[in-house]
Amino acid sequence: MPELPEVESVRRGLAAHVPSRTIVQVEVLQPRSVRRHLQGPDDFASTLIGRTFGEPRRRGKYLWLPFEDGDALLAHLGMSGQFRLDTTDQPRHSHTRVAVTLDEGPELRFVDQRMFGGLALSRGGADAPPEIAHIAPDLLNPTLDRRALVRRVRTRSSAIKRALLDQSVVSGIGNIYADEALWRAKVHHGRPANDLSAVTVGRLLDAARDVMEEALAVGGTSFDALYVNVNGESGYFDRSLAAYGQEGRPCGRCGTPIVREHFMNRSSFFCPSCQSRG
DNA sequence: CTGTGGTCCTGTATGC
DNA sequence: TGCATACAGGACCACA
C-alpha cells in the first residue's frame with residue numbers, strides 16, 4: 001500500500017538509475033495499466049521510444065519521470081504497483097504490466113498485481129503534470145504553507161480522517177499513516193475536522209509529517225511482497241507501527257487494547273482510551 | 001463548492 | 001476438497 005514514504009523510496013531508486021537513459025523499446029503487457037493514456041497502448045509504447053529521462057519527481061503519491069523534451073511519464077502505484085530495475089536476463093515477475101528497455105543498464109519494469117495503478121504520457125508535464133493539478137502539496141514539501149493548510153482542514157465538516165485522506169487537501173497520506181498520525185496526536189478519526197482547534201490540527205499534521213519521515217528513513221512499510229523498492233527490497237517501518245494493524249495489542253502509551261473499526265469502507269485502528277471521540 | 005458512497009482489481013484467508 | 005465470501009484500499013465519479 002504505497003503512501004508517500006514508499007513512493008519517495010521508489011523515486012530515489014529510480015533517480016539513481018534512469019536519468020540520462022534513453023528508451024529503446026516499450027512492451028505493454030496489460031492494456032489496463034495504461035488506461036489513463038487515452039490514445040491507447042500502441043500510442044503509449046511508440047510515443048515513448050527515443051525519449052531521454054531526467055530527474056524523477058513526486059507530489060504526494062504521484063510520481064513522474066520528466067523527459068528532456070518537456071513531457072513526462074506520469075505514474076501512480078495504486079495499491080500494488082511497483083517499479084523494478086532488473087537486468088534483462090532476470091525472469092519477469094508474473095504481474096509485470098509494462099516493460100521498458102533502456103539504451104543501457106537494467107530494464108525498467110512496472111509490476112502491479114491489482115492494477116489500481118497505471119502509467120500515462122503527460123504532455124508538457126515535465127515540471128508539473130496538468131493531470132495532477134488538483135493534488136495538493138504534501139507534508140514533506142518545504143514550501144508548504146502550514147497555517148493555510150490548518151485553516152483549510154478546519155473548514156471541513158466531515159471526519160478528520162477523511163480530510164487527511166483527501167489528496168486535494170493534503171497529499172501523500174493513506175490509511176496507514178493517517179491512523180499512525182491520529183494515534184500520535186491522540187485524535188479520534190471520526191471527529192469532525194471543524195470541531196478541532198488549530199493547535200490540535202497543527203499537532204496532527206506535524207505527527208503525520210514526522211511518522212512519514214521516520215518511515216522513509218527505513219525504506220517505508222511492507223506487510224507483504226506488495227510493496228518493495230526498485231531492487232525488490234522491503235521496508236522496515238511495519239515494526240514501528242503503533243496503531244495500524246495492531247488490533248488487540250496493548251496501546252504503547254496506556255496499555256488499552258487497540259480497536260479496529262470500519263470507517264469509510266476500510267479499517268481504522270485506534271486506542272479507545274487515548275483517542276476519545278471528544 | 002462540499003460531502004458521500006459505489007466501483008474497480010486480484011490474491012489470500014476464512015467459513016461452511 | 002470445494003465453493004462462497006470477506007478483506008486489503010487509492011483514486012475517481014456520479015449524485016445529493
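Below, chains carry the letters A, B, ... as their sequence lines are ordered, and counting in each starts from 1. Keep in mind that this is a model prediction, so the values were computed, not measured.
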Between [X] and [N], does any side-chain N or O lie under 4.0 Å from OP1 or OP2?
X        : N      : answer
A/Ser267 : C/dC7  : no
A/Ser157 : B/dT2  : no
A/His134 : C/dC12 : yes
A/Arg260 : C/dA8  : yes
A/His95  : B/dT10 : no
A/Arg152 : B/dT2  : yes
A/Gln167 : C/dA11 : yes

Spacing between [X] atom [atom1] and [N] atom [atom2], to the nearest angstrom:
X        : N      : atom1 : atom2 : value
A/Asn265 : B/dG6  : CG    : P     : 6 Å
A/Arg36  : B/dC8  : CZ    : P     : 17 Å
A/Leu4   : C/dA11 : CG    : P     : 11 Å
A/Leu165 : B/dG5  : CG    : C1'   : 15 Å
A/Lys61  : C/dG10 : NZ    : P     : 5 Å
A/Asp166 : B/dG5  : CG    : P     : 15 Å
A/Leu164 : C/dG10 : CG    : C1'   : 15 Å
A/Ile173 : C/dG10 : CD1   : P     : 11 Å

Under 4.0 Å, counting only non-hydrogen atoms across every strand here, what does [X] touch: a base, just sugar-phosphate, or nothing?
X        : result
A/Arg35  : nothing
A/Met79  : base
A/Ser80  : nothing
A/Tyr62  : sugar-phosphate
A/Arg162 : base
A/Arg97  : nothing

Output yes when [X] and [Y] qualify as a salt bridge under the 4.0 Å nitrogen-oxygen rule, no when they do not.
X        : Y        : result
A/Glu27  : A/Arg92  : yes
A/Arg21  : A/Glu104 : yes
A/Arg154 : A/Asp195 : no

By the Watson-Crick or G-U definition, both distances under 3.5 Å, B/dC1 is matched with none

Under the side chain to side chain contact (heavy atoms under 4.5 Å, CB included) test against A/Arg156, which residue among A/Leu164, A/Asp166, A/Asn194 passes?
A/Asp166

Ignoring hydrogens and angles, answer whether the base of C/dA8 and the side-chain atoms of A/Arg266 contain a donor-acceptor pair closer than 3.5 Å.
no

A/Arg156 side chain: which of B/dC8, B/dT2, C/dA11 is closest?
B/dT2

Taking the minimum atom-to-atom distance to the side chain of A/Asn175, which one of C/dG10, C/dC7, C/dA11 wins?
C/dG10

Looking at A/His37 and A/Leu121, would you say the former's side chain and the latter's main chain have a donor-acceptor pair under 3.5 Å?
yes

Okay, side chain of A/Ser222, backbone of A/Tyr227: is any donor-acceptor separation there less than 3.5 Å?
yes

